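Contents: one structure, followed by commentary.
Throughout, a chain's letter reflects where its sequence line sits, starting with A, and its residues are numbered from 1. Keep in mind it's a predicted model, so treat the numbers as computed, not measured.
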Amino acid sequence: MRTPSRLHATEKSPAVTLSAPPSLAPRVRFAPSPTGYLHIGGVRTALFNWLFARHHGGKFILRVDDTDTQRNLADALAPILDGFRWLGIDWDEGAEVGGPHAPYYQSERLALYQAAVEKLLAGGFAYRDYARPEETQAERAEAEAAKRPYVASRRWAAESPADRARFEAEGRTSAVRLRMPREGVCRIDDIVRGTVESEWAAEADHVIQRADGTCLYHLASVVDDVEMGITHVIRAEEHLPNTPRQIFIFEGLGAPLPRFAHLPVVAEPGSRVKLSKRKLDKYLKNPEFAELYQHGRRIADRLRLEVSPETFNPVITDFYRIAGFLPEAILNYLLLLGWSLDDKTEMLALPEQIAHFSLERVGKSAASFDPKKLLSFQERYMQALSVDERLALVLPYLEQAGWIAAPASAADREKVRSIVAAAADRIKVSGDILDYDEFFVADEALVYDPKAFDKRIRSAAGAPELLAAMHDEIAALPADAAFDAAALEKLLTAFVAARGLGLGVIVHAVRVAVAGKPVGFGLFDILALLGRERVLARLARTLRVLEATPNPPEAS
RNA sequence: GGCGCGUUCGUCUAGGGGUCUAGGACACUGGCCUCUCACGCCGGUAACACGGGUUCGAAUCCCGUACGCGCUACCA
């Protein structure tokens, strides 16, 4: 039995999307723990929150979940905030920007949590539990052995001051636990998963405050959501089983319930298991993931960055910033991990993403991270940029590698601009400019690819003689002769035609002689970019190198 | 173990009872272009987890099974 689609849409999307007064504009949040890195799955969750807020003219709040941190907060938070800023995901309230519900750091909101604990206690929604850990453990083990859900016996629940005194006289300490209902059904009307039901009786009495007085995540999260007026809790599916106890806290606090939307998790490449930063070794066994990693690694090495897989790997946002990915490409890819507009549209610029985003179109099943597809978005976004835009992206890499002086001189800019133009689609991420060292090294420092040198020059019949003749022909050119790609094409074509040869015979040898490698731009572009003097110098050097080692050892 | 969620090409997905001999994209692959590489263009392989229902008709609705994932902490 199906409801008409119009009605169905209304039933799934709350009134807030249609006729909500401004004061009811949605308020959503993302609450990272300051771990020192920004996980790509976290970015996807944050993106969906952000898009939802922007689409509906609501607020996106960035709250810091630091109840549990001992480490230096500033150091651990900076990479996360910087990551969001780099991606262009901004927040209306929260860390560093403040707002009407400040402070946005949980570690500074302890008094609120304490008040909530007392309110829950007073209302009978929670109790002080004096059980010792081993006693709780034993009950749990018993339940498991009996194959039923673990439910606390509440034998050590203090119902009166007298109970407390008695337990404390036994040397016991207490944590505060939720007094979960023992009957009925908890119904969650989830925007992405529909109605999810579970038995209240299957819920354990979760601890909300430890014996040492500190509070736990579920309590803090709900208290903050209430206080900050969060209307929609949009988070990863792993939190779905936690939702009943949170609903119970909302109710105990007498607060209205937000809408819930549980997003499918972002999974490992080729799997359904949640993507985790700790399993890099495993992911590197996936060829496509390894290729992405090596690509970034190559760039980091040329930049002489000290990177470790702990902080530099494709699960972490910083990886992409360092390699020179475009934020728009990453966001576009991430958007499609669990969301789609229709049966064709894939490329959506940010304004379109905002215009079209809706929670109703979020999928239900885990989506595995596909490095190749991410790269393909990156390529398409890069292709859409003008040469000058690419030049601006690439210059900092050359400066940081020390290949040009910083800040770039006008001459350097012009030179690099020509290289970028000739490179065309070969530069997929900004750091790829560092593949073209042949245009930046001194002629005498050019490194030859050994295999290419042997195949195209040393072992190629007639190649040395042709290179020598080529050198002489260029040297004999009038000083004012054009040395651009068109002129060079004419010259080379005539050169081989005069000898009754094809272009292929000379092209490969010359390429290796002047660029050191068998792949790259069109040869005429390479020669023009290098200029006459450097081409001559490199041809001459190649011939000298050949002469110095006329009979190389047999390749094994 | 218990509870919850999920299952369409290798991957991301479209799909809301007939228009599905299941569409798109990435990957893979054949070809074209070509001085290499990359780009681009044309083509191809490839999926409704399984079993029962309901119905004239099921990828689509219902039930079961299998498999996967998540939760089951005085973690978040």
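Residue A:Asp425 is classed as a sugar-phosphate contact, given heavy-atom separations below 4.0 Å to backbone atoms only. The residue A:Leu336 sits close only to the backbone: its heavy atoms come under 4.0 Å of sugar-phosphate atoms, none of a base. Nucleic acid contact class of A:Gly504 (heavy atoms, under 4.0 Å, all strands): none. Looking at heavy-atom distances under 4.0 Å, A:Phe377 makes no contact with the nucleic acid at all. If you check every strand for non-hydrogen atoms under 4.0 Å, A:Arg456 touches nothing. Within the nucleic acid shown, A:Arg132 has no heavy atom closer than 4.0 Å to any nucleic acid atom. Within 4.0 Å of A:Ala367, counting heavy atoms only, lie sugar-phosphate atoms of the nucleic acid but no base atom. Within 4.0 Å of A:Asp342, counting heavy atoms only, lie sugar-phosphate atoms of the nucleic acid but no base atom. Using a 4.0 Å heavy-atom cutoff across all strands shown, A:Ala424 reaches no nucleic acid atom at all. A:Glu197 comes within 4.0 angstrom of sugar-phosphate atoms only, judged by non-hydrogen atoms across all strands, and of no base. Within the nucleic acid shown, A:Gln383 comes within 4.0 Å of sugar-phosphate atoms alone, with no base atom in reach, counting heavy atoms only.
B:A66: Watson-Crick or G-U partner is B:U7, with both key distances under 3.5 Å. Figure legend. B:G16 is base-paired to no nucleotide; pairs are counted as Watson-Crick or G-U wobble with both atom distances under 3.5 Å. Across all strands shown, B:A59 forms no Watson-Crick or G-U wobble pair with both key distances under 3.5 Å. Across all strands shown, B:C41 pairs with B:G31; the Watson-Crick or G-U wobble distances both stay below 3.5 Å. Checking B:U36 for Watson-Crick or G-U wobble geometry (two distances, each under 3.5 Å) identifies no partner in any strand. Within the shown strands, B:U72 is the pairing partner of B:G1 under the Watson-Crick or G-U definition, both distances less than 3.5 Å.
Using P as the reference atom, B:G43 and B:G24 are 11 Å apart when rounded to the nearest Å. For B:G23 and B:C62, the P atoms lie 25 Å apart once the distance is rounded to whole Å. Using C1' as the reference atom, B:C50 and B:G68 are 15 Å apart when rounded to the nearest Å. Taking atom C1' on both B:C26 and B:A46, the two are 14 Å apart, rounded to the nearest angstrom. As rounded to the nearest Å, B:G15 and B:C35 have P atoms that lie 46 Å from one another. Distance check on atom C1': B:U8 versus B:A58 gives 14 Å, rounded to whole Å. Between B:G18 and B:G6, the two C1' atoms lie 28 Å apart (nearest whole Å). The gap from the P atom of B:G1 to that of B:G10 amounts to 29 Å, rounded to the nearest Å.
Rounded to whole angstrom, the span from the CD1 atom of A:Ile419 across to the C1' atom of B:C37 amounts to 17 Å. Atom-to-atom, CD of A:Glu199 to P of B:C3 comes out at 10 Å; the value is rounded to the nearest Å. The CD atom of A:Glu360 sits 17 Å away from the C1' atom of B:G15 (whole-angstrom rounding). Spacing between atom CD of A:Glu144 and atom P of B:G2 amounts to 10 Å, rounded to whole angstrom units. Computed from coordinates, the A:Ile247 CD1 to B:G4 P distance equals 15 Å when rounded to whole Å. Taking atom CG on A:Leu275 and atom P on B:C12, their separation rounds to 13 Å, with Å as the unit.
Position along RNA chain B of the nearest nucleotide to A:Asp212 versus A:Ala202 favours A:Ala202 as the more 5'-ward residue. Both A:Glu237 and A:Leu374 lie near RNA chain B, and the one whose nearest nucleotide falls closer to the 5' end is A:Glu237.
A close approach under 4.0 Å does not occur between any side-chain nitrogen or oxygen of A:Arg272 and OP1 or OP2 of B:A49. Between A:Arg140 and B:A73 there is a side-chain N or O to OP1 or OP2 distance below 4.0 Å. In terms of phosphate contacts, A:Arg210 brings a side-chain nitrogen or oxygen within less than 4.0 Å of OP1 or OP2 of B:C75. Phosphate proximity of B:U11 to A:Ser368: absent, as no side-chain N or O sits under 4.0 Å from OP1 or OP2. Residue A:Arg361 places at least one side-chain N or O closer than 4.0 Å to OP1 or OP2 of B:G15.
Taking every side-chain heavy atom of A:His508 into account, B:U36 is the closest of B:U36, B:C39, B:G1. Out of B:G24, B:A38, B:C71, the shortest distance to the side chain of A:Glu346 is found at B:G24. Here B:C71 is the nucleotide among B:C71, B:C35, B:C26 with the atom lying nearest to any side-chain atom of A:Pro241. The side chain of A:Lys372 approaches B:A27 more closely than any other nucleotide in the set B:G6, B:U36, B:A27. Residue A:Arg245 has its side chain nearest to B:U72 when only B:G24, B:C5, B:U72 are considered. The listed nucleotides are B:U36, B:A76, B:A38; the one nearest the side chain of A:Ser33 is B:A76. Nearest nucleotide to the side chain of A:Leu216, out of B:C37, B:C75, B:U72: B:C75.
Aromatic rings from A:Phe84 and A:Phe30 are positioned such that their centres are separated by under 6.0 Å.
Counting distance only, with no hydrogens placed and no angle test, the side-chain atoms of A:Arg511 and the base atoms of B:C35 include a donor-acceptor pair under 3.5 Å. Between the side chain of A:His206 and the base of B:A73, no donor-acceptor pair under 3.5 Å is found. In terms of polar N and O atoms assigned as donor or acceptor, the side chain of A:Lys344 never comes within less than 3.5 Å of the base of B:A14 in a complementary pairing.
Salt-bridge annotation for A:Arg63 and A:Asp225: present, with a side-chain N of the basic residue lying under 4.0 Å from a carboxylate O of the acidic one. Ion pairing between a basic and an acidic side chain is recognised when a charged N comes within 4.0 Å of a carboxylate O; A:Lys373 and A:Glu346 show such pairing.
Aromatic ring pairs are classed by plane angle as parallel below 30°, tilted from 30° to 60° and perpendicular above 60°; the pair A:Phe260 and A:His262 is parallel.
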Problem - Chi angles and distances behind the side-chain contact (heavy atoms from CB on, under 4.5 Å) call for A:Leu491, A:Met470 - result: CA-CA 10 Å; A:Leu491 180 96; A:Met470 186 83 247; 3.6 Å; yes
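No cation-pi contact links A:Arg245 to A:Phe248, judged by a cut-off of 6.0 Å to the six-membered ring centre and 45° from its axis. Cation-pi check for A:Arg128 over A:Tyr130 is not met; the charged atom does not lie both under 6.0 angstrom from the ring centroid and within 45 degrees of its normal.
Summarising the local packing, NZ of A:Lys451 is surrounded by 12 or fewer heavy atoms from other residues, nucleotides or ligands at distances under 6.0 Å.
Side chains of A:Arg380 and A:Ser376: a donor-acceptor N/O pair is present below 3.5 angstrom, by distance only. If you check the side chains of A:Arg177 and A:His206, you find no donor sitting under 3.5 Å from an acceptor.
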